[in-house]
Trainee: 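Have a look at the structure that comes next, please.
Naming convention: chains lettered A, B, ... in sequence-line order (proteins, then strands); numbering from 1 in each chain. The structure displayed is predicted, hence computed values, not measured ones.
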Protein chains: 2
Amino acid sequence: MTAALRTVSLEDVAKEAGVSIMTVSRAFRRPEALSEDTLSRVLQAADALGYVPNQIASGLRSRRSQTIACVIPTISSSVYANVVQGLSDAITADGYSLVLGTSNYGVDEERRVMTSLLGYRPEAVVLAGGDHRPELTRLVTRLKAPLVEIWELVPKPLDMNVGFSNHAAGAAIVEHLIRMGSRRIALMTIRAEHARARARRIAYEAAAARLGHEPIVVTSELSIEGGRRGMAMLRARHPDVDGVFCVSDSIALGAMLKANEIGWSVPDEIAIAGFGDFDIARHIPPGLTTVRVPEARVGQVAGEMIMSRLLRRPEGPYTVDVGFEVVARGSTNRNPMKRVRR
Amino acid sequence: MTAALRTVSLEDVAKEAGVSIMTVSRAFRRPEALSEDTLSRVLQAADALGYVPNQIASGLRSRRSQTIACVIPTISSSVYANVVQGLSDAITADGYSLVLGTSNYGVDEERRVMTSLLGYRPEAVVLAGGDHRPELTRLVTRLKAPLVEIWELVPKPLDMNVGFSNHAAGAAIVEHLIRMGSRRIALMTIRAEHARARARRIAYEAAAARLGHEPIVVTSELSIEGGRRGMAMLRARHPDVDGVFCVSDSIALGAMLKANEIGWSVPDEIAIAGFGDFDIARHIPPGLTTVRVPEARVGQVAGEMIMSRLLRRPEGPYTVDVGFEVVARGSTNRNPMKRVRR
DNA sequence: ATCTTCGCTGTTATCGTTAACAGAGACGGC
DNA sequence: GCCGTCTCTGTTAACGATAACAGCGAAGAT
């Protein structure tokens, strides 16, 4: 067991500078309250000793941990990685730090991890989505701290909410498929559907009903390989479809590659749409039509709303819809007159 | 300014259970030291009140923050996202949490951010790479806390080091190109070269010398679009090359797509190799030859080494080479006899 | 000349927890 | 019956910072 070593404290700096510890404390927190002479002497002493203010002691006494707790499903997904990046950038300027946990898409794990993070007495809490264990809901609402649910717009936010409507996005992309000429559209989704995928499915089902056909749903895994398999299944079971909405770009990419292999012509025989606008989507011929969500902006707005509540005006918007954009590319471009968007 | 509210403390639980606060503290930290009866009474009271141990107070008194500070260049890169995921997974089991910061590839920003994180008195520190500001080096070494430099193997680690050799990986992939028949090989790299890309370039230059030609270097941006541009430049300036090593899969993908567009046949006229083994690399026809690094494992091993030093046996290995793997696929498969690896 | 105000610095108590030690019974050995 | 040992619980004093207030000159007001 490594011995826990003492680091430089206010007292050490105070001795070095020949002042009281309170004066040193003020040198960092309210420098304008000190005389120029004292201030420079203190800062010089602090610098010489390599003093770094102890946030733990400060947090205990002042009840301000300068910390924000965030639990997301996973970091290994560019979606959440970008959200976290935006969040982190938005709060560091004000001296706040991010304490991060991952739930691996499980509500029990989310509760466990966030409960443990609450031990650090974060001044604000960020959770993904709107589906949480009631025990966790009780715990975080009782904190009376700013709380943001991110990524999807939820029906009844606990406090603040930043994201976009998966239902609207699903409806928009299926609408796009229809407008481009598809009349029999399938949905390719994932086995264990979470709230996000479910909302997209519901929008799809409504559209299928309007087209006058039963929903055609293929389930697979969330990967390129999953998309390939899904496409093979679709070809075998429903060769009559002329459009497919994949709930993720990974799946759509796999579907597109598989279609190419088996000679199912995209977009002439089958149009393909994805979700996420991954980097590759615009580059893979003939270009993948998809939905783009401003990921980093979700985190950034969440961070700004939190900091606004913590430091500035007490009130602001509680729900922000960051929107989405249907990016039309070649994979749905049935009309040879229209140019492919790059 | 939000009022900082009091949360449930040991004292509240102690009153509720009719014991001293020390007994409550022990119920969480050394439950075996209490009688069964007392323990259950305390736990029940804690549960009823929704008590979450205050890590800040605990950390202050015990000098153990249960926190590990980590600064990486960016989270918006699957590489670091995976490393962080592995690290996070490895430490949460022991009750530790990750405090995360990003440097955006700048050593000054790295120093600034890590210094701020040191305020939380982390029990261990994780930094990316081996290039740090001397002020930061002084600060973190003086902590006497476990310190891990991750991702690349560095010549003189400050303490522990987990990663792989970019030089060896670069040499291996160029060697593979040569073995597959390339005789005039170009390097496609990025403008602002960091230590990683530089090590790969040096390996490349040695190989070019062995082949008996001057280094042929094209610089571009780290993106698919950058790869496309790079490939166009290469075609214009060096149409005689028959192989290209791209320092990233993004670039290699762009290069491959561009080659396809301009009718430069891959792999027959030009072999292409990338770096990173992104998901798409195996799926894009004819399959992209690349280097696979066990990203999550880097984080996991770093986490295990730290926990080992903090909680268990005092000593273990100081440097771990997680290695890499050249994944041979169609983009370098000049020999029609050999099957493409999927 | 005295009072008030202001700018600057110091003193005291406290945040919630744990390290260290102290004490009260129970229990068994001799 | 005395003493040591063991099990369980409680008391006291920190950890390093800050909130709140106190003090003390100097300058300005009356």
Trainee: Counting heavy atoms from C-beta on, name the nucleotide in dT18(D), dG10(D), dG10(C) closest to the side chain of Met22(B).
Mentor: dG10(D)
Trainee: Does a side-chain N or O from Ser62(B) land closer than 4.0 Å to OP1 or OP2 of dT17(C), or not?
Mentor: no
Trainee: Expressed in angstrom and rounded to an integer, what is the separation of Phe28(A) atom CZ from dG16(D) atom C1'?
Mentor: 14 Å
Trainee: Can you tell me the distance, in whole Å, between the CD1 atom of Ile56(A) and the C1' atom of dT18(C)?
Mentor: 14 Å
Trainee: At less than 4.0 Å, is any side-chain N or O atom of Ser9(B) found next to OP1 or OP2 of dC15(C)? Yes or no.
Mentor: no
Trainee: Centre-to-centre under 6.0 Å for Tyr51(B) and Phe28(B), is that the case here?
Mentor: yes
Trainee: Pairing donors with acceptors under 3.5 angstrom, does anything connect the side chains of Thr74(A) and Gln85(B)?
Mentor: yes
Trainee: Which one, dC15(D), dT9(D), dT11(C), comes nearest to the side chain of Arg26(B)?
Mentor: dT9(D)
Trainee: Regarding Arg121(B) and Thr67(B), do their side chains bring together a donor and an acceptor under 3.5 Å, going by distance alone?
Mentor: no
Trainee: Between Arg41(B) (CZ) and dT9(D) (C1'), how many Å, whole number?
Mentor: 11 Å
Trainee: Respond yes when some side-chain nitrogen or oxygen of Ser35(A) is under 4.0 Å from OP1 or OP2 of dT9(C), and no when none is.
Mentor: yes
Trainee: Only one of Leu117(B), Val125(B), Leu136(B), Leu100(B) clears side chain to side chain contact (heavy atoms under 4.5 Å, CB included) with Val71(B); which?
Mentor: Leu117(B)
Trainee: So, is Arg63(B) close to the dG16(D) phosphate, meaning a side-chain N or O under 4.0 Å from OP1 or OP2?
Mentor: yes
Trainee: Could you pick out which residue, Leu34(A) or Val52(B), lies toward the 5' side of DNA chain C when each is mapped onto its nearest nucleotide?
Mentor: Leu34(A)
Trainee: Taking only the side-chain nitrogens and oxygens of Thr38(A), find out if one of them lies under 4.0 Å from OP1 or OP2 of dT9(C).
Mentor: yes
Trainee: Establish whether the base of dT18(C) is bridged to the side chain of Arg61(B) by a donor-acceptor pair shorter than 3.5 Å.
Mentor: yes
Trainee: Strictly by modelled atom types, are Gln66(A) and Ser97(A) linked by a side-chain donor-acceptor pair under 3.5 Å?
Mentor: no
Trainee: Whole-Å distance between dT17(C) C1' and Asp12(B) CG?
Mentor: 13 Å
Trainee: Quick one: is Arg30(B) getting a side-chain N or O under 4.0 Å of the dT18(C) phosphate, OP1 or OP2?
Mentor: no
Trainee: Between Asp37(A) (CG) and dG7(C) (P), how many Å, whole number?
Mentor: 18 Å
Trainee: Looking at Thr23(B), does any N or O in its side chain come under 4.0 Å of the phosphate oxygens OP1/OP2 on dG10(D)?
Mentor: yes
Trainee: Heavy atoms under 4.0 Å, any strand shown: does Tyr51(A) hit a base, just sugar-phosphate, or nothing?
Mentor: sugar-phosphate
Trainee: Select one nucleotide: of dA17(D), dT9(C), dC15(C), the one nearest the side-chain heavy atoms of Asn54(A).
Mentor: dA17(D)
Trainee: Can you tell me how far C1' of dG16(D) sits from NZ of Lys15(A), to the nearest Å?
Mentor: 13 Å
Trainee: Would you say Arg29(A) reaches dT18(D)'s phosphate, i.e. side-chain N/O to OP1/OP2 under 4.0 Å?
Mentor: yes
Trainee: Are side-chain heavy atoms of Tyr318(B) and Asp159(B) found at a separation under 4.5 Å?
Mentor: yes
Trainee: Please figure out whether Gln55(A) or Gly18(B) has its closest DNA chain D nucleotide nearer the 5' end.
Mentor: Gly18(B)
Trainee: Would you kindly give the CD1-to-C1' distance between Ile21(A) and dA19(D), to the nearest whole Å?
Mentor: 13 Å
Trainee: Quick one: Leu10(B) CG to dG10(D) C1', roughly how many Å, whole number?
Mentor: 14 Å
